[in-house]
Asker: 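Here it is, the structure in full.
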Amino acid sequence: MAEGYDVIIIGAGIHGASLAFHLAKRSVKVIVLERRFLAAGATGRSSGLVRMHYDLEPESRLAWASFQYFRNWGEMVGGDCGFTRTGFLQLVKEAYLEQLHANVQMHQRIGIPSILVDAEDVKRLAPAFATDDFKIAAYEPESGYADPNGTTAAFMTTARQNGATIWQDCQVKGIRTTGGRVSGVETSKGFISGDVVVNAAGAWAASIGEMVGLAVPVNTWRHDTMFIRRPHDQGPSHPTVIDNINSMYFRPETGWLTLVGLEDENKIGESADGDIEHAKTGFVERASGRICERIPGMEHASLHSAAGGVDGITPDQRAILGQAGPEGFYLACGFSGTGFKIAPAVGACMAELILDGESRSVDISAFKLERFSQGKFLKGEFAYEDMWR
Ligand SMILES: Cc1cc2nc3c(=O)[nH]c(=O)nc-3n(C[C@H](O)[C@H](O)[C@H](O)COP(=O)(O)OP(=O)(O)OC[C@H]3O[C@@H](n4cnc5c(N)ncnc54)[C@H](O)[C@@H]3O)c2cc1C
């Protein structure tokens, strides 16, 4: 039998690593159990967009609190998260212009650097973009993208320097409860005792919930992305963009690459362990067509690579955060395809919840599991359509 821990975290994605970092900083004896390797799940496939534009205030607040980490990574965490500032543009269909205005006002109220710009401003920021299908866009000059693998490794490295343990190639097979509270986990490497168990198992979160008889409404969400090589006349970089008009997002990558993902046809309910080495048939053609709509010069781009990833998605496409089921059991899952950028603050909040009984950094009470049984799905005051369709 292994020695006991204060907190056992299941899953070494960005959320397991962030929570381990925050707990270890407070001298908690914490172990992260990972059935494969660090960032083997959604995190290792993430597009890494770092922006604060959401239509739900608590998410914008989490993203803004997390942004302080991304831009001050060396001081706040150590190592390198690969944050690259590109500026971020949110384009919406004409039907959502009122919502765009209202959401930018909400972001400004929080303190997020976000402004409305017109199509001519966008042309100045990104001369290669077609700008004839919108009049106004939201612009976050400070935002960009980070390296999800590097970010996770940096969190875990500092966590370990502060006493955290990680066991890779270690699958959790069961959770033991005694008198209504968790007492440890059964793993492929034996039993580990602990007073608190956190489900940070991404697309596999529902199966971890079942281990304590808890229905966790997290389904699988499959998402493909591709990297293309920009023709040299497209310049060395461009802003990061969510282009809702063309149901896609894209961002630059070093080496004259551009990453493209699509908002539609992301299959829900497939196996979390399917083939992610290859994008689905037809994805590259669809994504190529979309990027050429926004950047016509991409007609001369070439394909670098395409692959898939799987995250956990909830019915309202928002995370589940908080205590649920037996005493000592916590959920940090269901990040629904947008969980990378909020991980630094989510880890801080979950650590506060576990240790102090409530989160102080950001109010995360909106993300409780109970909202589903109460039929209170999370929806922004000025909601856009669902991100994923
Ligand atoms: C292709 C793609 C692009 C994305 N792009 C963005 C983006 O641009 N910006 C953004 O903010 N978000 C993005 N996301 C979403 C974001 O990446 C995820 O929300 C986030 O990485 C989820 O992290 P996690 O730690 O919850 O889960 P994961 O990274 O999936 O980690 C869960 C871990 O749990 C492990 N595990 C599962 N079961 C067990 C078990 N029984 N025992 C032990 N370990 C177990 C798994 O092996 C896995 O490593 C994207 C997601 C995908 C798939």
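Only this structure's heavy atoms are used, side chains among them; waters, hydrogens and symmetry mates stay out. Indexing begins at 1, ligand by ligand and atom by atom, following the structure's order.
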Asker: Please state whether C170 comes within less than 4.0 angstrom of ligand 1, counting heavy atoms only.
Answerer: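 It does, in that a heavy atom of C170 comes within the 4.0 Å cut-off of ligand 1.
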Asker: Any side-chain donor-acceptor pair under 3.5 Å between S183 and R176?
Answerer: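 Their side chains do not contain a donor-acceptor pair, so the 3.5 Å distance test is not met.
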Asker: Mind checking whether T338 has an N or O less than 3.5 Å away from an N or O of ligand 1?
Answerer: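 Yes.
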Asker: Given K341, H15, R251, H223, identify the one with the heavy atom nearest to atom 10 (C) of ligand 1.
Answerer: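 Heavy atom nearest to atom 10 (C) of ligand 1 belongs to K341.
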Asker: Examine distances only and state if a side-chain atom of D363 and a backbone atom of S359 form a donor-acceptor pair shorter than 3.5 Å.
Answerer: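 No: the side chain of D363 does not pair with the backbone of S359.
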Asker: Assign the ring pair H22 / F155 to parallel, tilted or perpendicular, where the plane angle (0 to 90°) is split at 30° and 60°.
Answerer: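 Tilted.
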Asker: Give yes if a backbone or side-chain nitrogen or oxygen of G48 is under 3.5 Å from a nitrogen or oxygen of ligand 1, and no if not.
Answerer: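 So ligand 1 has an N or O lying under 3.5 Å from an N or O of G48.
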Asker: Does either side chain, that of S47 or that of Y249, offer a donor lying less than 3.5 Å from an acceptor on the other one?
Answerer: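 Yes, side-chain donor-acceptor contact under 3.5 Å.
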Asker: At what distance is the nearest protein heavy atom to atom 29 (O) of ligand 1, and which residue and atom is it?
Answerer: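 Here the closest protein heavy atom is T43 OG1, 2.5 Å.
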Asker: Which atoms from ligand 1 have a heavy atom of V310 less than 4.0 Å away?
Answerer: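 Reading through ligand 1 atom by atom, the close ones are 53 (C).
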Asker: Verify the distance criterion only: is there a donor paired with an acceptor across the side chains of S361 and E352 at less than 3.5 Å?
Answerer: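 Side chains of S361 and E352: pair found under 3.5 Å.
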Asker: Would you say that F250 contacts I295 through its side chain, given a criterion of any heavy-atom pair below 4.5 Å between the two side chains?
Answerer: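 The answer is yes; the side chains approach within 4.5 Å.
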Asker: Quick one: nearest non-hydrogen protein atom to atom 27 (O) of ligand 1, plus distance?
Answerer: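 Atom 27 (O) of ligand 1 sits closest to the protein heavy atom G202 CA, 3.6 Å.
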Asker: Nearest heavy atom to atom 5 (N) of ligand 1: which of G11, G337, S47 does it belong to?
Answerer: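 Closest candidate by heavy-atom distance is S47.
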Asker: Counting from 1, what ligand 1 atoms have a heavy atom of L33 closer than 4.0 Å?
Answerer: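 Near L33, the atoms of ligand 1 are 43 (C), 44 (N).
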Asker: Give a yes/no on ligand 1: does A200 have at least one heavy atom closer than 4.0 angstrom to it?
Answerer: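 A200 counts as a contact of ligand 1 under the 4.0 Å cut-off.
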Asker: For N103 and Y384, does a side-chain donor sit closer than 3.5 Å to a side-chain acceptor?
Answerer: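 There is such a pair (donor and acceptor under 3.5 Å, judged by atom type) between the side chains of N103 and Y384.
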Asker: Is any NZ, NE, NH1 or NH2 atom of the basic residue among R318 and D386 found under 4.0 Å from an Asp or Glu carboxylate oxygen of the other?
Answerer: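 Not counted as a salt bridge, because no side-chain N and carboxylate O are separated by less than 4.0 Å.
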Asker: Suppose we measure from atom 6 (C) of ligand 1 to each protein heavy atom; which comes out shortest, and what is that distance?
Answerer: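 That would be S46 OG, 3.2 Å.
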Asker: Is there at least one pair of N or O atoms, one from A332 and one from ligand 1, spaced under 3.5 Å apart?
Answerer: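 It does not: no N or O of A332 is found under 3.5 Å from an N or O of ligand 1.
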Asker: Tell me, please: is I208 in heavy-atom contact with ligand 1, that is, under 4.0 Å?
Answerer: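 In this structure, I208 qualifies as a contact of ligand 1 - some heavy atom is under 4.0 Å.
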Asker: Nearest to atom 47 (O) of ligand 1 by heavy atom, R222, R36, E34: which?
Answerer: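 It is E34 whose heavy atom sits nearest to atom 47 (O) of ligand 1.
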Asker: Could you tell me the residue and atom name of the protein heavy atom closest to atom 30 (O) of ligand 1, and the distance to it rounded to 0.1 Å?
Answerer: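 Here the closest protein heavy atom is A42 N, 2.9 Å.
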Asker: Decide, yes or no, whether a salt bridge links R45 with E277 under the criterion of side-chain N to carboxylate O below 4.0 Å.
Answerer: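 Yes, R45 and E277 are salt-bridged.
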Asker: Hey, which atoms in ligand 1 end up nearer than 4.0 Å to a heavy atom of R45?
Answerer: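 Under 4.0 Å from R45, ligand 1 has these atoms: 1 (C), 2 (C), 3 (C).
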Asker: With atom 22 (C) of ligand 1 as the reference point, say which of D224, D311, V218 has the nearest heavy atom.
Answerer: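 Heavy atom nearest to atom 22 (C) of ligand 1 belongs to D311.
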Asker: Measure the distance from atom 38 (N) of ligand 1 to every protein heavy atom, then report the residue, atom name and distance (to 0.1 Å) of the closest one.
Answerer: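 Nearest neighbour among protein heavy atoms for atom 38 (N) of ligand 1, to 0.1 Å: W204 CB, 3.5 Å.
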Asker: Are D224 and R222 within salt-bridge range, i.e. N to O under 4.0 Å?
Answerer: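 Looking at R222 together with D224, the answer is yes, because their closest N to O distance falls below 4.0 Å.
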Asker: Can you tell whether the side chains of R109 and E57 come within less than 4.0 Å, N to carboxylate O?
Answerer: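 A salt bridge is present here (some side-chain N lies under 4.0 Å from a carboxylate O).
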